[in-house]
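Just so you know, these numbers come straight off a predicted model, no measurement behind them.
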Amino acid sequence: MNIAILGTGYVGLSTGVCLSEIGHRVVCIDLDEQKINHLTQGISPIYEPGLEDLLIKNIKAGRMEFTTSHRDGLKGAEIIIIAVGTPQKNDGAADLSYLEQAVQDISIHLEQSAIVVLKSTVPVGTNEYIKNILDERCSKQAAIEIISNPEFLRQGSAIMDTMQADRIIIGYEKREAANKILEMYRPLNVPILLTSIRSAEMIKYASNSFLATKISFINEVANLCEAVGADIKEVAEGMGKDKRIGETFLRPGIGYGGSCFPKDVKALLHTADLHGVHFSLLKETIAINDLQQETLVRKAVNRFGDLKGRKIALLGLAFKPETDDMREAPSIKISRLLTNLGAKVAAYDPVAKENARKILGDTITYSSSINEAALNSDAVFIITEWKEIKNVDMENLLKNMKHPIIFDGRNCLDEESVRECESIEYYPIGRPAILKGKK
């Protein structure tokens with residue numbers, strides 16, 4: 001099939017390379033000339049494992065192209081996928097301005113009939129709104145059908161999540177259009193669920209909000225475990241063996257972040273408020289997460305009393321491993337809290353340094369290695385569970401530090417390795433601290 005994709009961010013680009021990988025001809029459209037030039041050369045603007053290899057492979061095979069011209073990109077397209085951002089506005093509502101611009105561009109340049117697939121995360125009712133605009137503005141020769149096809153990609157595993165999806169949701173009005181999208185995805189051989197358009201829109205928000213709630217719940221349980229002397233690792237394992245609960249998203253830490261959970265939870269709450277539904281559970285999910293991001297700072301204040309002049313090493317900046325995305329990353333709030341308390345922050349992240357610098361500027365220093373960040377530090381905060389951080393040489397790490405004190409915000413260090421250290425203060429989340437050689 002001939003497919004055009006508007007937007008070359010995580011969703012648009014990951015979707016594009018995967019669709020071309022299964023045999024479709026894909027043209028990605030973006031107004032950023034520099035980005036398009038880089039993509040044409042096989043250079044990805046984002047860090048996503050496996051993406052660049054597929055990008056280069058499918059460009060060479062002639063199945064994938066990039067352009068800044070909507071007229072060229074939309075020419076001959078049977079399916080048009082909109083994958084532009086819908087960021088959060090100040091009131092929690094989704095900002096649809098990029099989506100509205102994409103629809104305007106389609107209506108101006110589309111010359112043939114096509115199926116428009118909305119992959120961007122949007123409030124319930126948006127697909128109908130978009131369909132009305134397209135019907136009004138497109139030429140009479142261009143009959144439009146609309147499909148709601150929300151994405152469920154995790155940054156850091158977006159390629160796998162596309163090629164081996166848990167499910168694909170297709171929200172439709174006309175069965176003929178749904179069948180076309182079914183055919184587009186058929187080579188993936190993954191479960192597909194057909195729904196109404198409004199149900200498809202709700203599935204996306206409800207899924208992310210449920211997962212965010214699960215994270216906030218286990219973090220509250222972890223805090224209670226610390227208070228009563230239980231071990232959250234054992235508690236979560238015992239809970240997760242119940243098939244009704246499941247093991248995923250029961251890992252305590254310093255809260256969720258990223259481009260999806262924070263904005264999607266707030267957007268669903270905004271929708272509930274608009275319709276007079278008192279969704280108090282979501283309000284608590286947000287409040288718990290906001291407080292959880294301060295956990296390591298509170299622990300450090302309890303340990304030191306005053307953080308003024310203390311050097312704190314942050315290991316990890318990205319909101320999760322295998323991505324350079326800093327959107328709503330807990331490291332942002334933690335860094336600002338620490339610097340406001342007079343601490344000196346030295347941070348290390350294998351890929352997110354430049355994106356972090358755009359947000360935090362020179363309020364912190366950026367290191368080129370774990371040991372450089374930890375050099376002469378009073379404490380280490382583990383923020384992102386990168387593999388190299390999880391597998392850090394404990395002896396070298398502690399030798400570089402002024403005080404052998406680690407606050408593990410992801411419970412990712414091997415407990416056996418920690419216990420082998422001659423002198424260490426190790427403070428995890430929801431588990432008993434390990435104190436060896438503390439004076």
Side-chain angles (χ1 to χ4, degrees), residues 219 222-223 225-237 251-254 292-317 321 330-331 334-335 337-339 341-350 364-439:
N219 280 331
N223 295 335
C225 283
E226 287 191 25
V228 303
D231 187 327
I232 190 60
K233 181 180 179 182
E234 296 171 348
V235 173
E237 185 177 5
R251 292 186 58 196
I254 48 177
Q292 194 68 19
Q293 292 187 351
E294 302 173 8
T295 298
L296 297 190
V297 178
R298 289 197 301 272
K299 286 176 179 281
V301 170
N302 288 339
R303 169 59 180 83
F304 291 109
D306 186 0
L307 296 184
K308 189 173 183 180
R310 300 278 186 183
K311 179 183 177 182
I312 308 295
L314 298 192
L315 301 187
L317 288 166
S331 62
I334 292 168
S335 296
L337 286 170
L338 288 171
T339 54
L341 291 170
K344 300 171 183 176
V345 178
Y348 168 72
D349 190 286
I364 66 173
T365 59
Y366 304 89
S367 306
S368 58
S369 69
I370 292 173
N371 285 334
E372 182 186 332
L375 185 64
N376 295 322
S377 63
D378 292 282
V380 159
F381 283 16
I382 296 180
I383 307 298
T384 315
E385 64 274 37
W386 286 97
K387 188 178 292 185
E388 67 173 293
I389 294 172
K390 290 165 62 174
N391 298 328
V392 66
D393 185 322
M394 293 295 296
E395 186 178 344
N396 279 340
L397 177 66
L398 298 177
K399 188 167 60 178
N400 275 312
M401 299 173 67
K402 185 187 294 184
H403 303 293
I405 302 173
I406 297 175
F407 297 92
D408 188 350
R410 298 300 182 185
N411 288 1
C412 65
L413 293 188
D414 178 62
E415 187 175 316
E416 201 171 300
S417 298
V418 172
R419 292 190 182 280
E420 288 174 358
C421 298
E422 286 186 22
S423 179
I424 190 171
E425 293 179 43
Y426 176 69
Y427 300 94
I429 303 288
R431 308 187 67 193
I434 297 173
L435 308 176
K436 296 188 68 177
K438 181 181 177 182
K439 297 178 181 178

Kindly list each side-chain donor-acceptor pair under 3.5 angstrom involving residues 371-382, sequence neighbours excluded, with atom names and distances?
residue, atom, partner, partner atom, Å
Asn371, OD1, Asn400, ND2, 3.3
Glu372, OE1, Ser368, N, 3.2
Glu372, OE1, Ser368, OG, 2.5
Ser377, OG, Ala374, O, 2.8
Asp378, OD1, Arg310, NH1, 3.2
Asp378, OD1, His403, NE2, 3.4
Asp378, OD2, Lys311, N, 2.8

Measure the [atom1]-[atom2] distance between [X] and [Y] for me, rounded to the nearest 0.5 Å.
{"X": "Ile429", "Y": "Asn223", "atom1": "CD1", "atom2": "CG", "result": "7.5 Å"}
{"X": "Ile364", "Y": "Ser331", "atom1": "CD1", "atom2": "OG", "result": "7.5 Å"}
{"X": "Leu315", "Y": "Leu397", "atom1": "CG", "atom2": "CG", "result": "6.5 Å"}
{"X": "Ile254", "Y": "Ile334", "atom1": "CD1", "atom2": "CD1", "result": "4.0 Å"}
{"X": "Ile424", "Y": "Ile405", "atom1": "CD1", "atom2": "CD1", "result": "10.0 Å"}
{"X": "Asp349", "Y": "Leu317", "atom1": "CG", "atom2": "CG", "result": "5.0 Å"}

With side chain to side chain contact (heavy atoms under 4.5 Å, CB included) as the test, would you mind laying out the steps for Leu341 and Lys308 before giving the verdict?
CA-CA 6 Å; Leu341 291 170; Lys308 189 173 183 180; over 6 Å; no

Can you check whether [X] reaches [Y] side chain to side chain, under 4.5 Å on heavy atoms?
{"X": "Glu425", "Y": "Pro404", "value": "no"}
{"X": "Lys436", "Y": "Glu420", "value": "no"}
{"X": "Leu314", "Y": "Ser335", "value": "yes"}
{"X": "Ile312", "Y": "Lys344", "value": "no"}

Salt-bridge criterion met for Glu415 and Arg419 (N-O under 4.0 Å):
yes

Tell me, please, which residues at least two apart from Glu422 pass side chain to side chain contact (heavy atoms under 4.5 Å, CB included).
none

So, using side chain to side chain contact (heavy atoms under 4.5 Å, CB included) as the criterion, who are the partners of Ser417 when residues are at least two apart?
Met394, Asp414

Walk me through it: do Thr295 and Gln292 pass the test side chain to side chain contact (heavy atoms under 4.5 Å, CB included)?
CA-CA 5 Å; Thr295 298; Gln292 194 68 19; 3.5 Å; yes

Verify, without hydrogens or angle tests, whether Lys299 (side chain) and Pro428 (backbone) share a donor-acceptor contact under 3.5 angstrom.
yes

Is there a donor-acceptor contact under 3.5 Å from the side chain of Arg410 to the main chain of Ile383?
yes

Cys421 and Leu398: side chain to side chain contact (heavy atoms under 4.5 Å, CB included), yes or no, with the steps?
CA-CA 9 Å; Cys421 298; Leu398 298 177; 3.6 Å; yes

Do you know the tightest heavy-atom contact between [X] and [Y]?
{"X": "Ala230", "Y": "Val235", "answer": "CB-CG2, 4.5 Å"}
{"X": "Ala300", "Y": "Phe407", "answer": "CA-CZ, 3.7 Å"}
{"X": "Asn411", "Y": "Pro252", "answer": "ND2-CG, 3.8 Å"}

Going through the checks in order, is the side chain to side chain contact (heavy atoms under 4.5 Å, CB included) test met by Glu388 and Tyr348?
CA-CA 11 Å; Glu388 67 173 293; Tyr348 168 72; 2.8 Å; yes

Verify the distance criterion only: is there a donor paired with an acceptor across the side chains of Tyr427 and Asp408 at less than 3.5 Å?
no

